[in-house]
Visitor: 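I'd like to ask some things about the structure below.
Each chain gets a letter, A, B and so on, in the order its sequence line appears, and its residues count up from 1. The figures that follow rest on heavy atoms only: side chains count, while hydrogens, waters and symmetry mates do not.
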There are 2 protein chains.
Amino acid sequence: MASMITIKDIARNLNISVATVSRALRDTYDVNKETREKVLQMAKALDYKPNVNATGLAKGKTNNIGIILPFVTNYYFSTVITGIQEVAYSKGYNIMLFITNDAEEREIDITHNLNISSFAGFLVSSCASSFKHFSEITDKGIHVVFFDRVSPTMDTSKVMQDDYNGAFMATEHLIQQGYTRIAHLAGPRGIAMTEKRLKGYQDALEKHHLPLNEQFIIHSGFSQECGEADTQILLTHKKRPDAIFGVNDRKAIGAMLALKQHNIKIGKEIGVIGFTNDPASALISPSLTTVAEPAFEIGKISCELLLKHITKKRFPPEEVVLPSTLIVRESTVRK
Amino acid sequence: MASMITIKDIARNLNISVATVSRALRDTYDVNKETREKVLQMAKALDYKPNVNATGLAKGKTNNIGIILPFVTNYYFSTVITGIQEVAYSKGYNIMLFITNDAEEREIDITHNLNISSFAGFLVSSCASSFKHFSEITDKGIHVVFFDRVSPTMDTSKVMQDDYNGAFMATEHLIQQGYTRIAHLAGPRGIAMTEKRLKGYQDALEKHHLPLNEQFIIHSGFSQECGEADTQILLTHKKRPDAIFGVNDRKAIGAMLALKQHNIKIGKEIGVIGFTNDPASALISPSLTTVAEPAFEIGKISCELLLKHITKKRFPPEEVVLPSTLIVRESTVRK
DNA sequence: GCTACTGTCGAGAACGTTTACGTAATTTTT
DNA sequence: AAAAATTACGTAAACGTTCTCGACAGTAGC
């Protein structure tokens with residue numbers, strides 16, 4: 001246990017009280033600028049760093065923000081984290097990372113084991129179907145901002161990409177390319193994001209008077225393996241789809257792998273489109289058409305909103321929907 | 001400020017002292033098992049969660065481990081984090097994330113602004129050339145374990161993949177495939193990892209009596225863009241290389257993109273090999289031969305070592321080198 | 001010369017825990 | 001039956017801050 005420099009050391013060296021040192025270090029009021037100078041100088045000389053535990057205890061709040069999300073090993077979430085970290089760092093907040101592995105029990109376990117009062121707030125992308133464990137947090141006055149996989153019911157700020165319009169654009173793009181039998185590899189049921197993308201897909205079909213084939217909609221997890229397996233199922237139908245819209249790039253890439261196994265020409269025979277703009281989508285061949293999500297922006301804005309909730313007394317919840325943009329590549333060109 | 005349940009509430013409800021409650025909650029000694037039962041029951045009933053700031057203050061230590069690394073948006077680091085998080089979570093430790101953006105000043109800034117005594121230890125992959133800011137941490141008795149980009153001089157535990165043998169294997173594989181003019185897209189100078197992979201490359205050439213061409217070794221950053229730019233330079237040489245060994249997959253992928261621009265057949269005309277086994281390496285076409293790093297294992301073992309340092313009084317530093325394995329794909333097959 | 005400020009500072013309680021020490025009650029030893 | 005040891009618990013200090021009260025100058029107003 002290294003004996004750290006404390007406020008007392010500064011006080012003793014300067015022959016003043018700890019109260020004055022504390023004020024000099026933080027406020028500017030009620031302290032002579034000369035003594036303030038001396039304190040700051042001494043603090044620097046001794047390389048004083050405030051003890052965050054003591055500060056947290058005394059003030060009843062900290063500079064920690066907790067991030068709770070399913071994974072960190074994918075482009076979208078890791079980029080969101082980078083965005084969050086960018087603003088958190090610049091404002092002097094530290095981030096604490098909690099990974100749920102996309103398992104609801106783990107998510108609940110994490111929130112229940114947490115001493116939530118030692119957090120300034122939480123940024124979360126939930127994999128749960130119920131949000132009770134989060135309302136327990138907001139009930140105690142700790143702010144939560146959701147991103148991506150948001151709670152449809154809770155009255156908090158939420159930040160997300162435009163899932164509905166992105167899916168609509170994706171589907172409409174396929175239609176405009178001449179595909180008519182469009183399947184959708186959807187996400188797990190009950191997640192708002194899944195439903196919005198599904199709705200965008202359905203509405204685009206309806207707008208263009210294309211029939212809605214229930215067999216062409218398969219719900220499963222978000223992984224590449226799910227996309228691959230689901231596509232194998234789609235290919236068993238007597239009347240195959242001629243295009244596949246993946247709820248995300250990984251499922252779309254899984255679909256492409258399955259198609260390649262069957263020697264089906266991607267684009268020409270069956271079009272494929274994804275969602276995310278994972279760097280891999282540009283590298284795979286044929287390159288994958290996709291809908292880009294502004295992941296970094298989402299992280300940045302989520303964190304900014306959370307900090308506003310933390311610092312402003314009354315700041316009403318906001319819902320921010322960031323535009324998604326279509327990126328056309330090779331996997332949806334017909335000729 | 002939500003009034004949280006404290007140890008005092010339990011004590012008052014049970015008509016006992018806070019000391020007894022504290023002991024009942026933590027130790028088993030010096031407390032009757034009946035009262036202990038009652039305390040645990042009451043704690044559960046009140047949904048008591050210990051205040052980590054108070055505990056940290058009183059005990060002079062915490063359960064926070066800090067992770068300091070260059071990026072989070074790539075396969076390797078995000079997988080390492082997942083490994084770290086796996087063991088940290090199971091042992092009740094929380095992880096605090098610091099991203100340096102691969103900038104030395106930022107790394108130094110982070111360590112200097114930290115109240116390091118509020119951490120149990122640090123897990124770091126450094127982008128710095130000097131390690132003074134880390135020895136300042138270990139000098140205060142806080143443990144640091146390096147992974148991947150380790151300090152060559154500091155006496156701490158270190159965990160890394162076998163960079164030398166991996167690079168040696170990669171180069172030898174190219175030689176065995178019949179490539180003779182092998183270039184190396186190296187990492188930044190001064191980083192131990194860069195030097196080890198470079199040495200493996202050089203030694204493999206030497207073993208097989210191939211000339212070492214200084215023009216075929218280019219040092220630059222770790223990004224895909226660097227790999228692409230460096231390859232453009234390589235292609236201007238009168239006598240081009242017939243194979244390229246990238247210090248990591250991203251640079252190798254950058255090389256592939258450059259080669260594609262020149263309509264050079266990858267594999268047949270110029271072989272390409274990477275290092276990491278980024279998922280993208282399997283998706284790009286032709287698929288990229290690479291040397292796989294056990295990223296998850298590295299995270300897991302790093303964290304385990306750190307926890308041993310934290311919990312055991314005298315636990316001497318260990319250096320763990322995990323084997324790298326060659327994964328042969330299409331980018332290095334000649335015919 | 002008296003009151004009323006204003007500016008600067010210190011004393012001390014408080015935040016929620018842990019822990020060294022003391023003590024009373026009980027049990028064991030002799 | 002007295003002495004010693006053990007068990008179970010409480011008291012209070014400590015951890016490093018913050019913050020509410022004053023205290024005490026000095027200044028200004030009358």
Visitor: Distance from A:Leu306 atom CG to A:Ile84 atom CD1, nearest 0.5 Å?
Guide: 9.0 Å

Visitor: If I take atom NZ from residue A:Lys300 and atom CG from residue A:Leu305, how far apart are they, to the nearest 0.5 angstrom?
Guide: 11.5 Å

Visitor: Roughly how many Å is it from CD in A:Glu34 to P in C:dG7, rounded to a whole number?
Guide: 16 Å

Visitor: Under 4.0 Å between a side-chain N/O of A:Thr35 and OP1 or OP2 of C:dC9, yes or no?
Guide: yes

Visitor: With a 4.0 Å limit, can you tell me whether B:Ser22 has a side-chain N or O closer than that to the phosphate oxygens OP1/OP2 of C:dT18?
Guide: yes

Visitor: Please report, rounded to the nearest Å, how far the C1' atom of C:dG10 is from the CZ atom of A:Arg12.
Guide: 17 Å

Visitor: Could you tell me whether B:Arg106 and B:Asp109 make a salt bridge, using a distance below 4.0 angstrom between a side-chain N and a carboxylate O?
Guide: no

Visitor: Looking for any heavy atom pair under 4.0 Å, which part of the strands does B:Asp30 touch: base, sugar-phosphate only, or nothing?
Guide: base

Visitor: Name the nucleic acid region contacted by B:Arg26, choosing base, sugar-phosphate or nothing; use a 4.0 angstrom heavy-atom cut-off, strictly under.
Guide: sugar-phosphate

Visitor: Is the number of heavy atoms from other residues, nucleotides or ligands within 6.0 Å of NZ (B:Lys49) greater than 12?
Guide: yes

Visitor: Using 0.5 Å steps for rounding, measure from the CD1 atom of B:Ile301 to the CD atom of B:Glu318.
Guide: 10.0 Å

Visitor: Toward the 5' end of DNA chain C, which comes first, B:Lys49 or A:Asn32, by nearest nucleotide?
Guide: A:Asn32

Visitor: In whole angstroms, how far is the P atom of D:dC15 from the NZ atom of A:Lys59?
Guide: 22 Å

Visitor: Starting at atom CD1 of B:Ile16, determine the distance to atom P of C:dT23, rounded to an integer number of angstrom.
Guide: 21 Å

Visitor: Hey, which of these two, B:Ala19 or B:Leu57, hits DNA chain D nearer its 5' end, going by closest nucleotide?
Guide: B:Ala19

Visitor: Across the strands shown, which category fits A:Tyr29 at heavy-atom distances under 4.0 angstrom: base, sugar-phosphate, nothing?
Guide: nothing

Visitor: Ring centres under 6.0 Å, that's the criterion: do A:Phe134 and A:Phe146 meet it?
Guide: yes

Visitor: How long is the line joining CG of A:Asp9 and P of D:dT17, in whole Å?
Guide: 9 Å

Visitor: Which angle, to the nearest 10 degrees, lies between the helix axes at the two ends of the helix from C:dG1-D:dC30 to C:dT30-D:dA1, each defined by five pairs?
Guide: 40°

Visitor: If you compare every side-chain N and O of A:Ser17 against the phosphate oxygens of C:dA11 (OP1, OP2), does one of them come in below 4.0 Å?
Guide: no

Visitor: Any base atoms under 4.0 Å from B:Thr6, or only sugar-phosphate, or nothing? Heavy atoms, all strands.
Guide: sugar-phosphate

Visitor: If you find the nucleotide of DNA chain D closest to A:Leu25 and the one closest to B:Ala54, which residue's nucleotide is nearer the 5' end?
Guide: B:Ala54

Visitor: Is B:Glu37 paired with B:Lys33 through a side-chain N to carboxylate O contact shorter than 4.0 Å?
Guide: no

Visitor: For B:Lys8 and C:dT18, give me the distance from atom NZ to atom C1', rounded to whole Å.
Guide: 13 Å

Visitor: B:Arg23 has an atom CZ; how far is it from atom P of D:dC9, in whole Å?
Guide: 8 Å

